[in-house]
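Okay, structure first, notes after.
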Protein chains: 2
Amino acid sequence: MNPVRPTKTENIRETLEAHGLKVTPQRSVVLGYLMSTDRHPNAEEVFQAVSLHLAGAISKATVYNTLNTLVAAGAIVEVSAEPGVTRYDANIESHHHFIDRETGRIYDIPWESVEPLCQTLGTDFSIQDYHVTFYGKALKHEHSPP
Amino acid sequence: MNPVRPTKTENIRETLEAHGLKVTPQRSVVLGYLMSTDRHPNAEEVFQAVSLHLAGAISKATVYNTLNTLVAAGAIVEVSAEPGVTRYDANIESHHHFIDRETGRIYDIPWESVEPLCQTLGTDFSIQDYHVTFYGKALKHEHSPP
DNA sequence: TTCCTAAATTAGAATTATTCTAAATTCAGA
DNA sequence: TCTGAATTTAGAATAATTCTAATTTAGGAA
Ligand SMILES: [Mn+2]
Ligand SMILES: [Mn+2]
Ligand SMILES: [Zn+2]
Ligand SMILES: [Zn+2]
């Protein structure tokens, strides 16, 4: 019988194809990892994680290439939190971020959780988009696969 | 006769001392450059700019050291705009940023220009601070020393 | 199926940004 | 002036990312 919802691998395949990318094992495992986590990993962390999942290992160059390809295609987004670190996020919906100052962990904040900001800053700037970064302490531990 | 306002070099000296730092020519020229511009330069741009102003040249290591020292002392702040680039800002008041998507230039947005965001995100997060990054097109050219 | 070509992947070299090291200089205070 | 600590320095070392050039993979004719 057909599953009620698409399986994970079907989701991955669909997402790649929806963004005009061919499906390859390397792309699947990188995107699949990012879709499975809400931890906003950097390239090195993606490399570590997918090296476990992909039997025959994956080249670090491919991790960088694939992340850049996924970003260019719009399948994932880059997140600038701390200076000097590029993190990646499979959540491509508009949303904000909360950074725990003790742990450095980045949490997603749904767009609707933040009241809309007025869409004008006087006459000098035309606003197309905005993003709020909150800083503080996460009170509940939200566990998720690393 | 005494000037009505402190001169620039007096400002620089006062800022260094107010943050517990000794006054040196290198620190003065780095901080002075950052106080004179609103362009949020990165380390390389600071190095280029101060190399011109400081006759006998300044070591690039000193620029990095000095920027880190100034950040640690709270005399300047780091700004994370694009992923992978650390920029520096002598404006240490709470404020927001506007990034021109065409030019990449970062403009300061006064804290009061943005209506206050509610200080709660449910029960999971304790908010200590927040920062809004706007994206769009700057309409007026605001000129300032490079 | 076999062949062909383009795309994707790879290892390692190259580049770039930043930090580290160890020596030289500067500086404040005794 | 002397002295020790702080600062600055050049260049080496490290780390992150990109580039290069060769190899593998994969889909579409024939
Ligand atoms: Mn990128
Ligand atoms: Mn720093
Ligand atoms: Zn996110
Ligand atoms: Zn600023």
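We name chains A, B, ... by the order of the sequence lines, and we start the count at 1 in each one.
- Among A/Asp89, A/Val132, A/Val114, the single residue meeting the side chain to side chain contact (heavy atoms under 4.5 Å, CB included) criterion with A/His95 is A/Asp89.
- At least one side-chain nitrogen or oxygen of A/Gln26 sits closer than 4.0 Å to the OP1 or OP2 atom of C/dT10.
- Atom OH in A/Tyr64 sits roughly 17 Å away from atom P in C/dA13 (whole-Å rounding).
- Atom C1' of nucleotide D/dA10 and atom CZ of B/Phe47 are separated by 12 Å, given to the nearest angstrom.
- In this structure, CG of B/Leu21 is placed 12 Å from C1' of D/dT7, rounded to the nearest angstrom.
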Can you check each nucleotide of nucleotides 25-30 of chain C against protein heavy atoms at under 4.0 Å and return B for base, S for sugar-phosphate only, - for none, in 5' to 3' order? ------

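- A/Glu44 has its CD atom 9 Å from the P atom of D/dT17, to the nearest Å.
- Ring pair A/Phe98/B/Phe125 is tilted by interplanar angle, where 30° to 60° counts as tilted.
- Atom pair B/Leu67:CG and D/dT7:P shows a separation of 15 Å (rounding to whole Å applied).
- Considering A/Leu31, A/Val30, A/Val29 as possible partners of A/Ile12, the one that fulfils the side chain to side chain contact (heavy atoms under 4.5 Å, CB included) test is A/Leu31.
- Across the helix from C/dT1-D/dA30 to C/dA30-D/dT1, the helix axis at one end is tilted relative to the axis at the other end by 20° (nearest 10 degrees, each axis from five pairs).
- Close to C/dT9, at under 4.0 Å from its OP1 or OP2, lies no side-chain N or O of A/Asn65.
- Separating the CG atom of A/Leu70 from the P atom of C/dA8 is a distance of 12 Å, rounded to the nearest angstrom.
- Using bins of under 30°, 30° to 60° and over 60° for the plane-to-plane angle, the ring pair B/Tyr130/B/His96 lands in the parallel bin.
- Each of A/Ser59 and B/Ala61 has a nearest nucleotide on DNA chain C; the 5'-most of these lies closest to A/Ser59.
- As a whole-Å value, the separation of B/Glu45 CD from C/dA17 P is 11 Å.
- One can place NZ of B/Lys60 at 16 Å from C1' of D/dA13, the figure rounded to the nearest angstrom.
- Of the options B/Arg87, B/His97, B/Arg105, a side-chain hydrogen bond (donor to acceptor under 3.5 Å, both in side chains) to B/His40 is made by B/His97 and by none of the others.
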